[in-house]
Each structure stands twice: as structure tokens, then as C-alpha cells.
Amino acid sequence: MEEARKKKILLVEDDKTLSEMYQNKFSLENFDIIVAYSGTEGLQMALQHKPDLILLDILLPGMDGMNVMKNLRSDPWGKDVPIIMLTNLNADDNIIKGVMEDHPAYYLMKSNSDPATVVEKVKEVIK
Amino acid sequence: MQKDVKKKAGAIFVLALFYFITGKLGLSLAFINESATAVWPPSGIAIAAYLLLGYRAWPAIFIGAFFTNVTTAGTIATSLGIAMGNTLEGLAAAYLVNKFANGKNVFYRAQDIFKFIVFAALLSTTISANIGVLTLILGGQVLWQNFLPVWFTWWMGDATGVLIFTPFIIFWRAHHPLQLLKGKKLEALILFITLMLIGGIVFGGFLPGNHSADPLEFLVIPIIIWVAFRFGRRETITAIVALSIIAISGTLRGYGPFARDSQNQSLLLLQSFMSITTVTALSLAVAVSERRKVEEALTNSEQRFKALIEKSSEAISLTDADGIISYVTPSFTNVLGYSPQEIIGKSGFTIIHPDDKDYAVEATSSIVGHPGKSVTVAIRCLHKDGSWRYVEITSTNLINNPSLQAVVSNFHDITELVKTEDRIMSEKSRAEALLNSIGDGILATDQEGKIILVNKVVEDLLGWKEKDLMGKRSFDILLIEDEKKNVLLEKDRPLTIAIKTGKKITATHYLVRKNGTKFPARVTATPIMLNGKIVGAIKVFHDITQEREVDEMKTEFISLASHELRTPLSAIKGFISMINNGDYGKPGEKLDRPLKLVAQSTERLINIVNEMLNVSRIEANRVQLAMGKLYIDEIINEVLANLKPLFSQKGIKLVIEKLEHVNINSDKEKIIEILNNLIGNAIKFTDKGKITITTKVQKDHLIILVNDTGSGIEKRDQAKLFSKFEQLKSKRAGNVAGTGLGLYISREFARKLGGDIWVDRSELGMGSTFALSLPMSDPEKNYKN
């Protein structure tokens with residue numbers, strides 16, 4: 001049963017080091033974590049694997065995080081999936097501000113949040 | 001006063017004495033009656049005295065005459081009468097001469113001399129003769145039947161005295177410089193000898209034999225003419241006086257053409273002759289001197305004219321229609337170096353610069369055939385010394401003028417003028433070039449704001465032409481907007497402020513071009529001072545569009561770089577926290593300290609990046625506010641909770657005095673950042689003691705006070721605290737790390753939120769209190785900056 005209860009997390013992050021770090025942490029914390037390295041890939045994997053939660057970077061090659069989220073929110077499945085924006089942009093940057101208002105999501109700043117904090121936040125959202 | 005009186009009395013005495021002596025001399029020659037003489041110099045002395053000294057001289061005359069007579073033959077009564085006659089005679093003569101014959105200057109003009117003869121010599125003398133003779137008759141000294149001869153003798157004596165002695169005294173008394181006989185000493189000597197000789201021959205019986213019937217008296221005439229022509233009036237009258245003395249003494253001794261049996265008759269004849277001679281000689285001398293004066297004046301004017309012509313820097317030439325010079329003034333040498341002999345007969349065109357020749361020919365032909373017409377040209381002419389001179393030539397066609405029959409040209413050297421003009425022009429163009437090569441726009445106005453100077457850059461930057469701007473009021477034609485694109489009122493414009501305050505002002509504005517487009521410019525306006533008064537202002541400005549772009553690029557760059565830095569920093573931070581967390585197995589104890597330091601350094605690096613991002617955002621004016629309702633006490637508690645480890649680390653006590661549960665509308669993240677900074681600083685700079693947090697409501701603001709017991713800040717350093725990159729290294733920093741941007745960012749954020757940050761109280765060694773105020777109403781309303 002333990003296996004079945006494993007929550008599936010999709011991490012969309014182009015930085016290899018950071019994604020490895022999060023993979024390490026979430027694996028340790030008993031999550032099933034899959035990784036996409038671009039926005040397009042992230043959207044495909046999300047629709048294909050339907051994870052319990054998506055950790056979404058914003059500045060991504062190709063389609064950026066904002067557009068990924070917009071696309072998801074227009075999908076019947078995607079409109080309800082919890083998303084945590086994981087970024088280095090400040091909350092007051094225009095790009096984020098606009099999206100946050102229209103498409104409710106969580107927001108975490110990478111440099112301010114160590115992996116444990118992120119895990120804590122994820123657990124809080126999908127408990 | 002007394003001195004004056006004494007002086008006057010002295011003068012009267014001297015004059016009276018003089019009168020007395022000459023009177024006694026005259027009376028010694030009285031033959032027909034003891035009181036009536038044909039030789040009476042005192043009459044002339046009296047008139048001269050009145051003319052020279054004024055009528056106030058009368059007492060001297062009266063006294064002199066009285067004593068002359070009373071000591072001779074008269075009784076007191078007759079002497080008084082005669083003296084009265086003598087006094088009145090002189091007064092009457094002087095009055096008439098003063099009134100009609102130019103007063104004491106009577107002997108300078110022929111017409112005055114004739115009036116003198118009539119009024120003084122002929123008319124006024126009858127007064128003395130009448131009164132004198134009547135007195136004598138009444139006194140019984142003259143019989144009625146002798147009235148006429150005595151009267152005539154009296155009158156003749158007075159008249160001759162007047163004719164000879166009045167001019168004699170006046171000429172000798174006149175303040176002529178004693179230029180007597182200047183350069184004519186030899187001639188004067190010859191004249192004197194001749195005079196004596198002739199005098200002796202005519203009146204002294206020098207010639208052997210009796211010549212009493214011969215009209216030798218005519219010999220006197222050439223002498224008189226000689227002295228009148230060759231010498232002056234004074235010399236003439238002097239010669240007559242000398243001649244009179246010779247004549248009287250000779251005649252009395254029975255010599256000469258006028259010697260008769262009766263001494264009185266001889267003297268009367270002689271006096272008649274002397275009178276006529278005097279009149280003639282005096283008239284002649286005056287006429288000669290008048291003529292001499294006219295001649296002198298003529299000579300002077302001629303010499304002046306000549307000097308003018310010769311020394312003049314202008315020259316005149318006469319040429320025929322072909323330009324052949326027939327005459328030039330001597331001053332032609334002064335203008336072009338050639339003497340008249342060198343240039344006369346040549347064509348004027350030969351000395352004209354080849355490049356100017358056509359112009360000169362054209363000008364000349366424009367007046368040839370048009371009598372009276374003038375033309376002026378400025379051309380280069382060859383000076384005799386080989387240099388080219390700028391000469392202004394005005395030529396007038398006077399060929400039809402019978403006395404000239406030529407083209408008259410005036411030459412005026414204008415080389416210096418042209419050079420000066422050239423210099424001014426080149427100075428002006430240099431100044432203009434300078435003004436224009438300054439890359440900045442320069443625009444000056446007078447104190448009324450009228451534009452008096454613009455350089456080329458202004459034209460280029462604003463699109464207005466200089467001529468469209470000059471003289472116009474800057475405010476009427478040039479639009480200025482502030483950074484928020486509001487049109488500036490006249491009172492807020494830099495030039496107006498500079499003129500009004502006398503201070504230099506620098507500002508960044510948007511200047512509007514003629515076509516309506518605008519550009520950001522750095523503007524400096526400076527008052528123009530003249531003798532301590534503000535007479536206008538000058539504005540220097542340059543387009544800062546590019547600077548702005550560079551600035552934006554810089555901000556963009558920092559922002560981007562910072563973002564890029566954050567990613568690897570996040571990785572470092574994340575991995576360290578996982579290691580510390582034991583996610584990779586428990587690290588050896590040896591690693592505790594290094595890992596802690598790495599974590600701290602990473603944290604610092606992240607802070608720096610964050611602060612730089614904040615600054616770049618502030619500078620680019622891109623700080624965004626995420627406003628929302630929040631409770632300040634909740635936020636403070638949240639911040640304090642996060643900082644708790646630091647308190648316990650340093651062993652500092654935290655005292656929360658009073659937290660108002662106030663709902664405000666603000667940006668939570670910004671407030672957290674500010675509080676983190678303020679409380680973080682307090683912890684940083686406090687080594688022991690406590691940090692006290694309290695809040696209070698003041699009017700419409702909520703104030704949060706952060707008090708520490710740390711090092712404190714000197715007064716003079718407090719103002720610097722909020723500047724960018726300012727760290728008070730000397731007093732505060734110690735080992736404490738930081739960018740020095742924290743308080744700057746905090747204040748900018750606080751102000752953006754409608755509040756402020758300040759040092760509420762701080763003393764060196766006594767700790768500090770920092771205050772943060774936040775508006776409780778909508779901060780946008782209170783937003784300044």
C-alpha cells in the first residue's frame with residue numbers, strides 16, 4: 001500500500017543541478033518524482049502522467065512556465081492540479097503578478113527556500 | 001577793510017600829487033593869465049584816471065587842481081571854482097567815452113578815437129574853460145574884454161592835454177606785456193636819433209639862419225608815419241610826447257615855425273599843430289594796428305589751413321575723366337606715401353590693386369557724364385612703401401564746375417578700420433565656433449526671459465532656428481516638461497529660478513522640440529551677473545536619451561545577472577541544507593564548522609544579489625507594490641520568529657513592549673524586508689543587552705520603533721546612513737558584513753509605501769532607535785517622491 005500511496009511530483013526545471021537536487025530530496029522524502037527540462041516537455045509529461053503536483057519553474061527554454069500553467073489551466077484535468085511556482089523571480093515582478101492574479105497557484109522563491117521548505121510546502125498542499 | 005581805505009587814500013594822494021606837479025609845470029607856461037595856460041597835461045591825466053580807476057578818482061583831481069591853483073595865483077574861492085571845473089571836465093569826458101566810445105579801450109578802433117576827439121578833447125574841455133574863466137572874471141583876475149583870448153588859451157591847453165596825455169597814460173598803463181621794440185632795437189635807436197634831430201631842426205633852431213618863415217614842421221610828418229607804421233600806438237604817442245617837449249622848449253626859446261612875439265600865441269599855434277599831428281598820428285597808428293591784426297588773423301588762418309591740409313590723414317585729388325591726376329593735396333603723402341610731384345600726371349588707376357581695378361573703373365564710369373554725382377568705394381591702393389592700404393575714396397564729378405573742372409576725390413585710409421573689423425569678425429566667429437563646438441545646447445536670456453543667445457546645438461536639439469528664437473520670451477516658445485511629463489509652469493523653469501534666486505540650478509527635464517517630440521535633458525541654469533546685478537541667465541543642456549538607455553541597459557544587466565546568480569546559489573544553498581539535514585548521511589563532526597561557514601557565506605551572497613536587484617529596481621523606478629490588508633503585529637511576530645535563532649546566537653534579549661493590532665493597507669513583502677533590515681541591523685550592531693520593539697499610532701501613521709543597546713551612531717554620520725553603499729566602517733562596522741544598501745533600500749521602500757524611516761535617537765555608545773512609519777490610510781495618497 002505504501003507504494004500505491006506514493007505521490008507523483010512533476011518537476012519542470014531546466015537547470016540540471018537544481019533538478020538533481022530536488023530529485024534527491026523528493027526521492028528521499030518518498031515521492032515519485034519525474035523531471036522535465038523544458039516548458040513543452042513539462043506540459044506533455046503533465047498531461048501524460050497526470051502528477052499529483054507540479055513544481056514549475058518560470059524562466060524556461062521554449063514555452064515559459066507561465067504559458068505551461070495557462071495551458072494546464074485550460075485542460076479539464078489540469079485546471080485543478082496544484083502548481084507551485086518555483087522560481088528566482090521576485091513576487092512583485094510583473095510577469096508573475098499577472099499570472100498569479102488570474103491563475104491561483106503557490107509560489108516559492110528558490111533562493112529563499114531550501115529543499116526541506118519546498119517539501120514541507122508540497123506536503124502541505126497535497127496532504 | 002582799513003588796509004583798503006589806506007590804499008585808497010594813498011592812491012588818491014599819489015594821483016593828486018601827480019596832478020599837482022604837472023599842473024604847476026603847465027601853469028609855469030601861463031602867459032596870458034597866471035591861471036590860463038596853453039599847456040595843460042592834467043586834463044589828460046584826469047580823464048585817464050577816470051577811465052582807468054573809475055569816477056571815484058574825482059577827489060584826487062579836485063584836491064590836485066585846488067592846490068595847483070591856490071599855490072599859484074588864485075584865492076581859495078577861485079581855486080575851488082577852477083578845481084570844480086577841472087573835476088567836472090574830466091568826469092564829463094569819461095562819462096561820454098564810457099558811454100559811447102568803449103571806455104578805456106577807446107584807442108583801439110578808429111571810430112572810437114574820433115568820438116574821443118569830439119567828446120573828450122573838444123566838448124568836455126569847454127566845461128573847464130567856461131567855469132575856470134568865469135571864476136577868474138568873478139574873482140576879478142580877468143577882465144570881461146579878455147574873456148575870449150583867455151578862454152581860448154584855456155580850452156586849447158586842456159584839449160591838447162587830453163589829446164596827448166590820455167592816450168599816453170592809457171597805453172602805458174594797459175597791461176600789454178612789455179614787448180616794446182622787440183627785435184627792433186636798432187631801428188628804435190635810429191628813430192630816436194632822427195626824432196631828436198628833426199625836433200632840433202624844426203623847433204630847436206639847429207639849422208643856421210632864420211627859418212621861421214619856412215614850413216619846416218612838415219618834416220615831422222615822416223617821423224610820425226614811420227613810428228605809426230613800424231612801431232605801435234604806444235610808441236607813436238610816446239614820440240609825440242617827446243616831440244611836444246622839444247617843440248615847447250624850442251618855441252619858448254623863439255625857434256621854430258611857431259615862434260611869435262607873444263609866447264602865448266606861439267604856444268597856441270604849436271598846440272594847434274601838435275593836436276592835429278596827434279590826431280593824425282593816433283588815427284594812423286590805430287589804423288595800422290587794426291590792419292596788422294587782420295593780417296595776422298589771415299596769416300594764422302592760412303597757416304592753420306595749410307597745416308590741416310599737410311598733416312591731414314585725408315587727401316584730395318583732382319583728376320580728369322580718364323583718371324589722370326592733375327592735383328593732389330600735400331597730405332597725399334600721409335595717405336599713400338607719394339609726394340604730389342611723384343603722382344601728378346599719372347593715372348590714379350595705376351596704384352589700385354588689380355583685384356579692385358574693375359570695381360574702381362566701374363565706379364568711376366558711373367559718375368563720368370553725370371555732373372555733380374558722387375560715388376564712394378573702398379579699395380586697396382599701393383602705398384609707396386609697397387604695402388596695400390585700404391582706402392575709402394569718395395569721388396565727385398565736378399568737371400562742370402568752372403573753378404575745378406575735375407573729378408574731385410577724397411582719400412581716407414581705412415586700413416586700421418578694416419583690420420579691426422576683420423579682427424572683430426574673426427573673434428566673433430571664433431567665439432561662435434567655440435559656442436557651437438561645445439556639445440551642449442546653450443541658451444541665454446535677459447532678466448525678462450527674452451532669448452539673447454543660442455548656439456547651433458540648440459537649433460539641432462530643438463529644431464528651432466536661431467532667428468525664430470532671438471528676442472522671444474523663452475517661456476512663450478519653448479515647452480518644458482518634468483519627469484512625469486507635466487508641463488512646467490514659468491516659475492518652475494530653471495531659467496526663471498536662476499534669475500529669481502541668483503542661484504545655479506540643475507534639473508532633469510523633458511524638452512519639447514519644435515515638432516512636438518521630446519527628449520530627456522540634463523539642464524543647468526546659471527544667473528548672469530553684471531556688477532553684482534542679475535541681468536539674465538544662461539541655460540546649458542544636453543540630451544541624455546543615450547545616458548538613459550545605457551542606464552536602463554545597466555539596470556537590465558544587473559537584474560539579469562542577479563537572476564542568473566540566483567540559480568546556482570539556490571543549488572548551493574539547497575545542497576548544504578540537505579547535507580546539514582543528514583539527507584546524505586551524517587557528515588563528520590570535522591565538517592560542522594566549514595559547512596556552517598559555507599552556509600553563512602551563501603546566505604550573504606544571496607542577500608547581496610537580492611539587494612542589488614532591489615537597487616536596480618528602485619533606480620529603474622520599477623518597484624512594484626503588492627498591496628493588501630494586513631495586521632502589523634502579525635507581520636512583526638513573523639519577522640521576529642524568523643530572527644529568533646540570531647538573538648539566541650548572540651545572547652541578546654528581545655523585548656516586545658507594545659504591538660498595536662492595527663490593520664493597514666500595505667505590501668507585506670516590502671514591510672518584511674524593511675523590518676528584517678532594521679531588526680537585523682540592531683542585532684548586528686549590538687553585542688550585549690537587548691532589543692526593544694514597540695509600536696505607536698501617531699495621527700494617521702503607525703510607527704514601529706526598533707531600539708537597541710548597541711554601538712550607537714554619531715550625529716554627523718546619521719544623515720549618511722541612508723545613502724547608497726554607505727557603511728559607517730569606522731564606528732559601527734567592525735566585522736559586520738553587508739553591502740551598505742540595506743537602509744537605502746528600506747527607506748526607498750518605506751517612502752514608496754507612503755511612510756519613512758529615520759533615526760529616532762542615537763548616541764555613540766548608547767544605542768540607537770530607528771523608526772519606521774507607515775500610513776494607515778491608502779499609502780498612494782501620501783506617496784511622495
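Letters A, B, ... mirror the listed sequences (proteins, then strands); counts begin at 1. Values in this document were obtained by computation on a predicted structure and should not be read as measured data.
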Counting only heavy atoms not in K668(B), do more than 12 fall under 6.0 Å of its NZ?
no
Roughly how far apart are K25(A) NZ and F575(B) CZ, rounded to 0.5 Å?
11.5 Å
Name the region of N24(A), side chain, backbone, both or neither, that has any atom closer than 4.5 Å to a heavy atom of chain B.
both
Roughly how far, to the nearest 0.5 Å, is CG of N581(B) from CG of L28(A)?
9.5 Å
Of the backbone (N, CA, C, O) and the side chain (C-beta and beyond), which part of L569(B) lies under 4.5 Å from a heavy atom of chain A, both, or neither?
neither
Any side-chain heavy-atom pair of P568(B) and T17(A) under 4.5 Å:
no
Taken to the nearest 0.5 Å, the spacing of D583(B) CG from M21(A) CE works out to 10.5 Å
Please indicate whether K644(B) has more than 12 foreign heavy atoms, meaning atoms of other residues, nucleotides or ligands, lying under 6.0 Å from its NZ.
no
Working to the nearest 0.5 Å, report the span between CD1 of I572(B) and CG of D114(A).
14.0 Å
Heavy-atom cut-off 4.5 Å, strictly under: side chain, backbone, both or neither for S577(B) against chain A?
side chain
